[in-house]
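Okay, structure first, notes after.
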Number of protein chains: 2
Amino acid sequence: MLKANKKLPNEARRPGRPEGQTNLSEGILDAAEALFAEQGYAGTTLRQVAEKLGANPAMVAYYFKNKDNLFREVFTRRGHAISADRMERLATLKARRNHDLRDLVAAFIEPAASLYHDPQGRAFLRLHARLHMEPAELSFELRRLVHNESTHAYAKAFADLLPEMPVREVYQRLTLLIGAYLYAFSGTSRLDELLIEGDDDPIKGLLESTIAFGTAGMRSP
Amino acid sequence: MLKANKKLPNEARRPGRPEGQTNLSEGILDAAEALFAEQGYAGTTLRQVAEKLGANPAMVAYYFKNKDNLFREVFTRRGHAISADRMERLATLKARRNHDLRDLVAAFIEPAASLYHDPQGRAFLRLHARLHMEPAELSFELRRLVHNESTHAYAKAFADLLPEMPVREVYQRLTLLIGAYLYAFSGTSRLDELLIEGDDDPIKGLLESTIAFGTAGMRSP
DNA sequence: GCTTTAATTAATCAAGTGACTAATTAATAA
DNA sequence: TTATTAATTAGTCACTTGATTAATTAAAGC
């Protein structure tokens, strides 16, 4: 996290537009992403967001109007990217014309799972998982906005590969898949803690495990 | 939710111990369970809890000392029951001596899933799922307290049935299973919304689907 | 060069927040 | 009966919250 307007010694900060050009809005989104991920919507204060950048609390309102809007922008920034990535991968698979269930599961999960490597991306994954637990009015609207299209597209694609499975069952399985990968990649599972004998990185192979688990789960009669 | 001390007309409430015996503490736990489930720890105020019962906010402090403690008691009340139920079912299976993966998955999930029928139990399921997203200091301590024993016991039981699978992998699969069922039964999935053609109850068969999904996922190489 | 617009600080506001206290009344113990 | 304990209300306290405003300074437009 880069501090904006780093205070040089003996150079107190004064009101007014600073010299040069600044882009505080990205920094605010990053800070808010990390804090919302860690503490949730209600548990995060705008002052915390500002403090994380060394900025004035009023700057948050200046760039994002209010807390609700800030949260929306934090979520949609990466959410739309994930959704677009999913749609792209699905199109690629369909063009190949010989994909199987495993390909579909991987295409669905990887756009989100790939964020895990970067700390800021990991914060978003936590935020994403947490969003499902936020009050419905905020949560459902955002999830609908970001995920509706790609979720239906994947459900259709799964249904095509599982012609004997009722459509409702396909959606239920997809729901289970989403719950599994969100939890596993949210960083809130107690996996590391449970694995006391942990010699290696417990996350190693997590993507592979998730795809294997999800593929078998989707396929099972 | 029964209102405690329902105000009879023309009979204003006065300070002092009321006649008869009261048991406000169960009512407070129920109200808090519903509100924590809906709004999370930070998003719920003690005044809301009190108001839901028509009680004085000070009563919450009287019975539960503070907010943190109230949350702990709400969670452990049912959490310990689930954990005990799991241990019992595991013992029953082991005594039978011929259980398979599916039995194990069902024994793990059903104690929680069975709460789904009752609205208050459903609130707890939502709270339980949400707990995983609360700040670590609160979440991890409670989950450790309530679930450590049974989780390790089931991991051991799964490992016995999956001798070729590395122990770490067993824990990872168990984590995926937990994520899947928690999400599916938290009532926060958008399943009903996605299933526009929903003629029947979309939850119908959810337990069966979850067990099928989880069993296949655990078994898959 | 002058005017308008953009970006910042400091200060403040009303509305909550969790927690606590004193007063009060009924039940229980002695 | 009397003293003590349990359960309740009303009120308050210091603090935090999201939001807004006026003043201030630099950049951009003309």
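Below, chain A is the first sequence line, B the second, and so on; all start at residue 1.
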From C-beta outward on [X], which listed nucleotide comes closest to its side chain: [options]?
X	options	answer
B:Ala58	D:dT21, C:dA27, C:dC20	C:dC20
B:Pro15	C:dA23, C:dA27, C:dA6	C:dA23
B:Met59	C:dA10, D:dA7, C:dA7	D:dA7
A:Arg14	C:dA23, D:dT25, D:dA27	D:dT25

Quick one about B:Thr175 and A:Ser189 (side-chain donor to acceptor, distance below 3.5 Å, no hydrogens or angles considered), yes or no?
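No donor-acceptor contact under 3.5 Å links the two side chains.
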What is the separation between atom [atom1] on [X] and atom [atom2] on [N], rounded to the nearest whole Å?
X	N	atom1	atom2	answer
A:Leu53	C:dT8	CG	C1'	14 Å
B:Glu19	C:dT24	CD	C1'	14 Å
B:Gln21	C:dA26	CD	C1'	13 Å

For a quick test of reading the model: is some side-chain N or O of A:Tyr62 closer than 4.0 Å to OP1 or OP2 of D:dA19?
no
Which atoms of nucleotides 12-18 of chain D (N or O only) lie under 3.5 Å from a protein N or O atom, and what are those distances?
unit_1 : atom_1 : unit_2  : atom_2 : d
D:dG18 : OP1    : A:Thr44 : O      : 3.3
D:dG18 : OP1    : A:Lys67 : NZ     : 2.9
D:dG18 : OP2    : A:Leu46 : N      : 2.9
D:dG18 : N7     : A:Arg47 : NH1    : 2.7
D:dG18 : O6     : A:Arg47 : NH2    : 2.9

Do the charged groups of A:Arg77 and A:Glu73 touch, with an N to O distance under 4.0 Å?
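Judged by the 4.0 Å cut-off on N to carboxylate O distance, A:Arg77 and A:Glu73 do not form a salt bridge.
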Minimum heavy-atom separation for A:Lys67 to A:Thr44, with atom names?
NZ-O, 2.8 Å
What residues form a salt bridge (charged side-chain N to carboxylate O under 4.0 Å, His left out) with A:Glu110, not counting sequence neighbours?
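Once residues adjacent in sequence are excluded, the partners of A:Glu110 under the salt bridge (charged side-chain N to carboxylate O under 4.0 Å, His left out) criterion are A:Arg89.
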Residue whose closest nucleotide on DNA chain C lies nearer the 5' end, A:Pro57 versus B:Lys65:
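The residue whose closest nucleotide sits nearer the 5' end is A:Pro57.
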Residue set satisfying side chain to side chain donor-acceptor pair (under 3.5 Å) with B:Glu149, at least two apart, ordered chain then number -> none
Do any N or O atoms from the side chain of A:Ser139 and from the backbone of A:Leu131 form a donor-acceptor pair under 3.5 angstrom?
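Yes, the answer is positive, given that a donor and an acceptor are paired below the 3.5 Å cut-off.
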